[in-house]
Amino acid sequence: MTATTETSAAAVGQSPAAADRPAEAGAEADAVDPALRRTARALHAPVVDWFAAHARDLPWRRPEAGAWGVMVSEFMLQQTPVNRVLPVYEEWMERWPRPADLAAEAPGEAVRAWGRLGYPRRALRLHGAAKAIAERHGGEVPGEHAQLLALPGVGEYTAAAVVSFAYGRRHAVLDTNVRRVFARAVTGQQYPPNATTAAERRLARALLPEDDGTASRWAAATMELGALVCTARSPQCGRCPIAAQCAWQLAGAPEHQGPARRTQSYAGTDRQVRGRLLAVLRASKEPVPQSDLDQVWHEPVQRARALDGLVADGLVEPLDGGRFRLPLT
DNA sequence: AACACGTGGAT
DNA sequence: TATCCAAGTGT
C-alpha cells in the first residue's frame with residue numbers, strides 16, 4: 001500500500017475533539033484512520049533501519065551527553081546548522097557539564113561563549129533555563145513536556161525533543177525536517193505550510209510507533225532523513241528508504257502551490273546593528289565606552305534603537321559614565 | 001498571525 | 001550578487 005494524499009486528508013479531517021486537544025498531548029492516541037495506520041507501519045521499519053545505518057555520530061546523541069547535553073544542543077540548533085554548533089557545544093559542555101554549573105555563572109558569560117551562533121537571546125534563555133532547573137528541579141532536566149515548556153526558550157519542539165531524545169519516551173516531534181518529510185511522503189506536497197498546523201500535529205501523532213523505544217528512534221530518524229536526504233532545496237530521492245511509498249514522488253513531484261515563504265532581509269536591519277554591537281561587547285572583558293560602540297554603525301538613530309533593544313532584552317548592561325558590558329546579573 | 005530575532009555556507 | 005536556508009521561540 002502507498003501513502004496517498006487521500007489517505008492523509010482522511011486522517012487529518014478527524015473528530016473536532018482532537019483539534020481542540022492541546023499541542024503538548026504529543027503522545028496521546030486519537031482514533032486513527034486504519035489506512036493511515038497501515039501507512040505508518042509501512043514507513044517505520046525502512047526509516048528506522050535507514051537511521052541505524054546512516055545516522056551521523058553527533059555528540060549529543062551519545063549516552064554520556066545526558067538530558068542536559070540534549071537540551072544544550074537543542075537550544076543551539078534552533079535555526080543554526082549542525083556544523084556550526086559542534087565546536088561551541090563541545091566547549092560549552094566541558095565548561096558547564098551540569099545545569100547548576102551554568103546557573104552559577106553570569107548570564108553575560110553564556111552570551112560570550114555563545115560566540116557567533118546567532119540569535120544570542122537563546123544563550124540568555126538557556127542560562128535562565130539552567131537557573132530554573134537548578135532552583136526548581138533539583139538540578140535535573142525535567143522529563144515532563146509541560147515542565148519543559150515552562151522553561152525559558154523551550155517551546156513545543158524543544159520540549160518534545162528532550163522528552164523523546166533524552167528520556168526515550170514516545171512523543172511526537174515536529175521540526176522543520178520532520179514537517180517536510182511528512183509533507184512529501186504522506187501528504188504529497190513539496191513543502192509543509194509556513195506555520196505548523198493542527199493537522200500536522202495530528203498526523204505526527206498518528207504516525208508515531210506504539211512503543212517508546214521505536215517512537216524515539218522514529219523521531220530522530222525522520223529528522224535525520226529530512227536533514228540528509230529529503231532536503232528542502234534538492235532532495236536526493238535516490239537515497240531515500242521510502243521513495244517508493246512517497247506520495248509526492250508518486251504524484252510526479254509537483255511544484256509547491258501555496259504562497260512562498262517570506263524571505264527575511266538582513267542587511268541594514270536592526271538585527272545587523274545588534275549583531276555588530278554585541279560582537280564588540282563579546283570581545284571585551286572590560287566595560288566598553290559608548291564611543292567604541294558608535295563606530296559600528298553610521299546612522300545614530302538606528303544605532304541607539306539597536307542598543308536600547310539589547311539593553312531591554314537583557315543582553316547588555318548599561319553602566320555609569322556611558323559604558324556598557326555583557327550582563328553580570 | 002505576522003514579525004523580530006544573527007550568522008554564514010550553499011547555490 | 002542575491003536569495004535560500006538552517007533541529008524555533010516569544011510577543
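Note on naming: letters A, B, ... go to the chains in the order of the sequence lines (proteins, then strands), and numbering restarts at 1 for each one.
Across B:dG8 and C:dT9, the matching P atoms stand 23 Å from one another, rounded to whole Å. One P atom belongs to B:dC3, the other to C:dC4, and the distance between them is 16 Å to the nearest Å. When the C1' atom is used for both C:dA6 and B:dA1, the distance is 23 Å, rounded to whole Å. Remark: the separation of the P atoms in B:dA4 and C:dA7 is 23 Å, to the nearest Å.
The aromatic rings of A:Tyr191 and A:His256 sit perpendicular to each other, their planes meeting at more than 60°, with 30° as the lower class boundary.
For B:dG8, the base has no donor-acceptor partner in the side chain of A:Thr80 [N/O atoms by modelled type, under 3.5 angstrom].
The side chain of A:Arg271 places no N or O atom within less than 4.0 Å of a non-bridging phosphate oxygen (OP1 or OP2) of B:dT7. For A:Arg116, a side-chain nitrogen or oxygen approaches OP1 or OP2 of B:dG8 to under 4.0 Å.
Between A:Gln264 atom CD and B:dC3 atom C1' there is a gap of 10 Å when expressed in whole angstrom units. Computed from coordinates, the A:Arg84 CZ to B:dG8 C1' distance equals 4 Å when rounded to whole Å. Nucleotide B:dC5 holds its P atom 12 Å from the CG atom of A:Leu277, rounded to whole Å.
For the 3.5 Å distance criterion, the side chains of A:Gln236 and A:Thr231 fail to qualify, holding no donor opposite an acceptor.
Using a 4.0 Å heavy-atom criterion, one finds that A:Gly118 contacts the bases of the nucleic acid, with or without backbone contacts as well. Among the heavy atoms of the strands, none lies under 4.0 Å from A:Asn83.
Taken residue by residue, residues 176-184 of chain A places heavy atoms nearer than 4.0 Å to DNA chain C at A:Thr176, A:Asn177, A:Arg180.
At least one donor-acceptor pair under 3.5 Å links the side chain of A:Arg170 to the backbone N or O of A:Leu208.
On the nucleic acid side, DNA chain C contacts chain A at distances under 4.0 Å to non-hydrogen atoms, with the end points of that region at C:dC4 to C:dG10.
Its side chain within the 4.5 Å cluster rule, A:Leu315 clusters with A:Val111, A:Leu124, A:Val273, A:Leu277, A:Leu278, A:Val280, A:Leu281, A:Val288, A:Leu293, A:Val296, A:Trp297, A:Leu307, A:Leu310, A:Val311, A:Val316, A:Phe324, A:Leu326 among the Ile, Leu, Val, Met, Phe, Trp and Tyr residues.
Nearest approach of A:Ala172 to A:Ala160, heavy atoms of both residues: O-CB, 3.3 Å.
Residue-to-nucleotide proximity on DNA chain C shows that, of A:Glu74 and A:Arg125, the 5′-proximal contact is made by A:Glu74.
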